[in-house]
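Written out below as structure tokens is the structure these notes cover.
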Number of protein chains: 2
Amino acid sequence: MAARKSGQAKNKAGDILRSPCPVACLLDICGDRWTLLVIRDLMFGRSRFKDFTASPEGIPTNILSDRLNRLLRHGLAEQVPAEDGSLRMGYRLTEKGRALRPVLESMRDWALKWEPSTKAMMP
Amino acid sequence: MAARKSGQAKNKAGDILRSPCPVACLLDICGDRWTLLVIRDLMFGRSRFKDFTASPEGIPTNILSDRLNRLLRHGLAEQVPAEDGSLRMGYRLTEKGRALRPVLESMRDWALKWEPSTKAMMP
DNA sequence: GTTTTTTACTTGCAATTTGCAAGCATCTTG
DNA sequence: CAAGATGCTTGCAAATTGCAAGTAAAAAAC
């Protein structure tokens with residue numbers, strides 16, 4: 001018999017899309033107050049759980065744990081052995097994750113222009 | 001006596017910033033699953049409450065009402081008399097809101113490349 | 001080599017936010 | 001003016017958030 005028809009488009013992680021709109025799809029992956037801040041930290045080269053909790057926004061650890069797993073599930077990040085030779089693992093952006101750089105840059109540029117109390121952060 | 005020291009930087013709407021990071025600031029304004037979809041619709045020229053509810057994602061009316069008010073409060077949108085000559089009001093992006101176009105475009109480009117089941121929507 | 005500290009989480013729970021349905025004033029249309 | 005259409009608000013169940021506490025393994029200190 002024919003393959004089961006889902007009738008619904010899905011993203012690469014298998015979640016049903018709200019609509020075919022690419023913006024809606026990205027928001028289903030990253031559309032909350034924390035995910036893009038974790039990606040920002042990853043772009044700054046941070047890789048360990050503790051590094052993310054040290055950021056000034058103070059992400060709760062349960063949220064961080066959930067968001068890191070979501071990034072793994074959606075293929076934006078991957079786990080790699082920590083660079084310091086320890087047995088622990090660190091997180092690193094994949095190519096798909098690094099491709100979000102223009103999104104973060106345009107967000108940064110917008111806020112620097114329109115919300116003057118913000119300041120570009122040096123990693 | 002001296003003016004009350006808040007000690008906390010604020011955005012233009014008067015909300016306390018989680019951090020000086022511009023990305024964090026933008027996320028405090030737009031960082032949820034719906035706000036940027038409303039802005040997308042505004043960029044497509046939609047202006048009436050009914051227009052936004054007609055988008056395929058199906059935003060709940062209480063969320064839409066809340067998000068439109070947030071956009072007004074943060075100066076991303078403004079209310080203008082409807083174009084059809086009726087007494088009702090419509091919404092329109094301000095310059096600050098229109099300046100988010102590069103953010104939406106980079107989001108669209110990312111998803112079109114990395115989430116192949118998405119399709120650019122024609123307004 | 002064993003106590004202590006750090007790291008990377010998970011769990012519990014109160015508070016907030018979401019989403020669905022319903023209600024309700026305007027407006028507009030016939 | 002009666003009948004929709006529009007632009008909301010309200011009520012409430014379900015999901016998500018955020019804070020504190022707990023835990024287990026790894027690393028550091030002693």
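This structure is a prediction, so every number in the text was calculated from the model and none was measured. For the numbers below, each heavy atom of this structure counts, side chains included, while hydrogens, waters and symmetry mates do not. First the proteins, then the strands, lettered A, B, ... as listed; each starts at 1.
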Quick one: does any side-chain atom of Trp110(B) pair with a main-chain N or O of Lys96(A) as donor and acceptor, under 3.5 Å? yes
May I have the distance from [X] (atom [atom1]) to [N] (atom [atom2]), rounded to whole angstrom?
X        : N       : atom1 : atom2 : result
Lys50(B) : dG4(D)  : NZ    : C1'   : 11 Å
Asn62(B) : dG11(D) : CG    : P     : 13 Å
Phe49(A) : dA8(C)  : CZ    : C1'   : 6 Å
Asp51(B) : dA5(D)  : CG    : C1'   : 13 Å
Ile59(B) : dG19(C) : CD1   : C1'   : 11 Å
Met89(B) : dA5(D)  : CE    : P     : 24 Å
Glu57(A) : dG18(D) : CD    : P     : 12 Å
Ile63(B) : dT18(C) : CD1   : C1'   : 5 Å

Taking side chain as C-beta onward, heavy atoms only, is Val38(B) less than 4.5 Å from Tyr91(B)? no
Compare every heavy atom of Pro22(A) with every heavy atom of Lys119(B), then report the nearest pair and how far apart it is. O-CD, 3.3 Å
For nucleotides 22-30 of chain C, give me one character per nucleotide, 5' to 3': B if any protein heavy atom sits under 4.0 Å from the base, S if the only such contacts are to the sugar-phosphate, - if neither. ----BSS--
It should be established whether [X] places a side-chain nitrogen or oxygen under 4.0 Å from OP1 or OP2 of nucleotide [N].
X        : N       : value
Tyr91(A) : dT7(C)  : no
Arg33(B) : dT16(D) : no
Trp34(B) : dG19(C) : yes

Just checking, any donor-acceptor pair under 3.5 angstrom between side chains of [X] and [Y]?
X         : Y         : result
Ser19(A)  : Glu57(B)  : yes
Asp32(B)  : Thr35(B)  : yes
Asp109(A) : Ser106(A) : no

Take atom CZ of Arg33(B) as the centre, draw a 6.0 Å sphere, and report whether it contains more than 12 heavy atoms from other residues, nucleotides or ligands. yes
How long is the straight-line distance from [atom2] of [Y] back to [atom1] of [X], given to the nearest 0.5 Å?
X        : Y        : atom1 : atom2 : result
Ile59(A) : Phe49(A) : CD1   : CZ    : 8.0 Å
Leu36(B) : Met43(B) : CG    : CE    : 9.0 Å
Glu78(A) : Leu72(A) : CD    : CG    : 9.0 Å

Would Leu37(A) and Arg18(B) count as a side-chain contact (heavy atoms from CB on, under 4.5 Å) if you check the C-alpha gap in whole Å, the side-chain angles of each, and the deciding distance to 0.1 Å? CA-CA 11 Å; Leu37(A) 294 182; Arg18(B) 283 187 284 178; 3.7 Å; yes
Under 4.0 Å from any atom of DNA chain C, heavy atoms only: list the residues of residues 64-76 of chain B that qualify, in numerical order. Arg67(B)
Is there a residue in residues 22-32 of chain B whose heavy atoms reach under 4.0 Å of DNA chain C, and which residues are they?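 Those residues whose heavy atoms fall under 4.0 Å from DNA chain C, taken from residues 22-32 of chain B, amount to none.
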